[in-house]
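These notes concern the structure reproduced below.
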Amino acid sequence: MAAAQSESQKLLILGGTGEAVALAGRLAEDARLAVITSLAGRTREPATAAGALRVGGFGGAAGLAAYLARDSISLLIDATHPFAARMAANAAQACAEAGVPRLKLLRPAWRAVENDNWIDVSDMAAAVEAVSGNGTRAFLSVGRQDLSAFAGLESIWFLVRSIEPLEVPRPLANCAVIQGRGPFSETAELALLEEHRIDLLVSKNSGGEATSAKIAAARRLGLPVVMIARPPAPAGETVETVDEAVAWVAART
Ligand code: NAP
């Protein structure tokens with residue numbers, strides 16, 4: 001057993017997504033691998049991943065490069081959220097410096113379909129501008145770190161949903177805060193939009209199944225959606241699914 005441990009390759013998964021949890025679950029049983037999932041530590045009760053867990057920032061790209069060397073990490077999969085741009089860039093830089101093979105696991109973006117009424121914007125600042133004139137009661141689904149960008153829109157009423165109670169109970173002048181953790185059903189999202197008389201949805205283009213029901217619900221109600229494009233991902237090997245990421249690891253173990 002001890003021999004197997006010492007011979008195993010260490011795989012670091014940068015997590016914070018459902019895909020990261022699924023990937024750890026698929027790989028943790030492989031005796032040739034020691035799987036470590038890394039979380040930023042934003043959520044007090046994160047979904048449990050198989051294998052080992054470490055929590056907290058590394059201290060930038062240099063800190064991560066030092067961690068990779070010190071802990072003899074053989075492979076890294078960046079399975080962070082498509083909007084975690086800083087971590088993705090740091091991972092690319094650190095792996096290049098440390099000579100550690102890196103894979104980006106990036107779920108496909110949502111694409112507008114018939115009857116969608118999307119107002120495509122390139123970033124959060126453009127989303128703030130797009131809200132005015134397109135609605136008065138907005139479901140603001142951008143994550144708690146970006147709420148403050150909308151603080152100047154005092155004539156808009158916002159519905160905010162958060163996994164955990166917010167440190168500031170009313171982060172915007174006119175808002176209601178509800179708690180909830182995906183996946184959400186289309187029926188529940190429809191009921192939520194109707195209950196709060198929402199006339200505009202603001203969303204990051206996160207992609208994936210867990211939070212797509214709100215987009216379908218907005219389509220059903222004919223609501224406009226301010227859809228915020230993803231930041232560019234760093235160049236390098238990229239796959240879209242957990243299966244492909246498992247195959248990438250298998251080819252290297
Ligand atoms: P970010 O802006 O790209 O990263 C900011 C800093 O947080 C990083 O420089 C790093 O600190 C630390 N960090 C981020 N992810 C980490 C990880 N997996 N392990 C260790 N440190 C990490 O990231 P973010 O957008 O704040 O997202 C934070 C976490 O929440 C990510 O793990 C992401 O997968 C998850 N998440 C984000 C969103 C979103 O919309 N942004 C949505 C759902 C889940 P150091 O520089 O000190 O290393």
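When reading the values below, keep in mind they use all heavy atoms of this one structure, side chains included, and skip hydrogens, waters and symmetry mates. Sequential numbering from 1 along the given sequence is applied to the chain's residues. Note that ligands are numbered from 1 as they come in the structure, with each ligand's atoms numbered from 1 the same way.
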Give the intermediate values and the outcome of side chain to side chain contact (heavy atoms under 4.5 Å, CB included) for residues Leu200 and Leu223. CA-CA 6 Å; Leu200 178 69; Leu223 300 185; over 6 Å; no
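- A salt bridge is defined here as a Lys NZ or Arg NE, NH1 or NH2 lying under 4.0 Å from an Asp or Glu carboxylate O, and Arg107 with Glu19 meets this definition.
- Taking all heavy atoms of Ala40, Gly63, Ala79, Gly59 into account, the minimum distance to atom 29 (C) of ligand 1 is reached by Ala40.
- Using a 4.0 Å cut-off between a side-chain N of Lys or Arg and a carboxylate O of Asp or Glu, Asp243 and Arg26 qualify as a salt bridge.
- For atom 14 (C) of ligand 1, the candidate residues are Arg144, Glu19, Met87; the nearest heavy-atom contact is made by Met87.
- Using a 4.0 Å heavy-atom cutoff, Gly60 is listed among the residues neighbouring ligand 1.
- Summarising the contacts of atom 39 (C) of ligand 1 with His81, Arg42, Gln145, the nearest heavy atom is found in His81.
- Looking at Gly15 next to ligand 1, an N or O pair under 3.5 Å apart turns up.
- In terms of protein heavy-atom proximity, atom 11 (O) of ligand 1 is nearest to Gly57 CA, 3.6 Å.
- Formation of a donor-acceptor pair under 3.5 Å by the Asp146 side chain with backbone atoms of Gly143 is not found in this model.
- We find that Arg137 and Glu194 are not joined by a salt bridge, their nearest charged nitrogen and carboxylate oxygen being 4.0 Å or further apart.
- Each of the atoms 32 (O), 34 (O), 35 (C), 36 (N), 44 (C) of ligand 1 lies under 4.0 Å from some heavy atom of Gly16.
- In terms of polar-atom proximity, Ala88 is not counted as a contact of ligand 1, lacking any N or O under 3.5 Å from an N or O of the ligand.
- Ring pair His196/Trp157 is parallel by interplanar angle, where below 30° counts as parallel and above 60° as perpendicular.
- A cation-pi arrangement, defined by a distance under 6.0 Å to the six-membered ring centre and an angle within 45 degrees of its axis, is absent between Arg170 and Phe158.
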Given the rule in the side chain to side chain contact (heavy atoms under 4.5 Å, CB included) test, do Leu53 and Leu39 qualify, once you have shown the distances and angles that lead to the verdict? CA-CA 8 Å; Leu53 178 68; Leu39 297 178; 3.7 Å; yes
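- Ligand 1 places these atoms under 4.0 Å from at least one heavy atom of Arg54: 20 (C).
- Closest heavy-atom approach to atom 48 (O) of ligand 1 among the candidates Phe83, Tyr67, Phe58: Phe58.
- Here the shortest heavy-atom distance to atom 20 (C) of ligand 1, taken over Ser141, Ser38, Gly18, belongs to Ser38.
- Taking 4.0 Å as the cut-off between side-chain N and carboxylate O, Lys104 and Asp78 count as a salt-bridged pair.
- Atoms of ligand 1 lying under 4.0 Å from any heavy atom of Ala85, numbered from 1 in the order shown and given with element: 3 (O).
- Just one of Arg220, Lys214, Arg219 meets the side chain to side chain donor-acceptor pair (under 3.5 Å) condition when paired with Glu186; it is Arg220.
- Under the 4.0 angstrom criterion for non-hydrogen atoms, Leu64 is not in contact with ligand 1.
- Closest to atom 2 (O) of ligand 1 by heavy atom, among Arg86, Arg230, Lys204, is Arg86.
- Counting non-hydrogen atoms of other residues, nucleotides and ligands closer than 6.0 Å to CD of Glu164 gives a total above 12.
- Taking 4.0 Å as the cut-off, Ala89 does not count as a neighbour of ligand 1 on heavy-atom distance.
- Nearest non-hydrogen protein atom to atom 27 (O) of ligand 1 is Ala84 CB, 4.0 Å.
- The ligand atoms of ligand 1 that sit less than 4.0 angstrom from a heavy atom of Asn90 are 9 (O), 46 (O).
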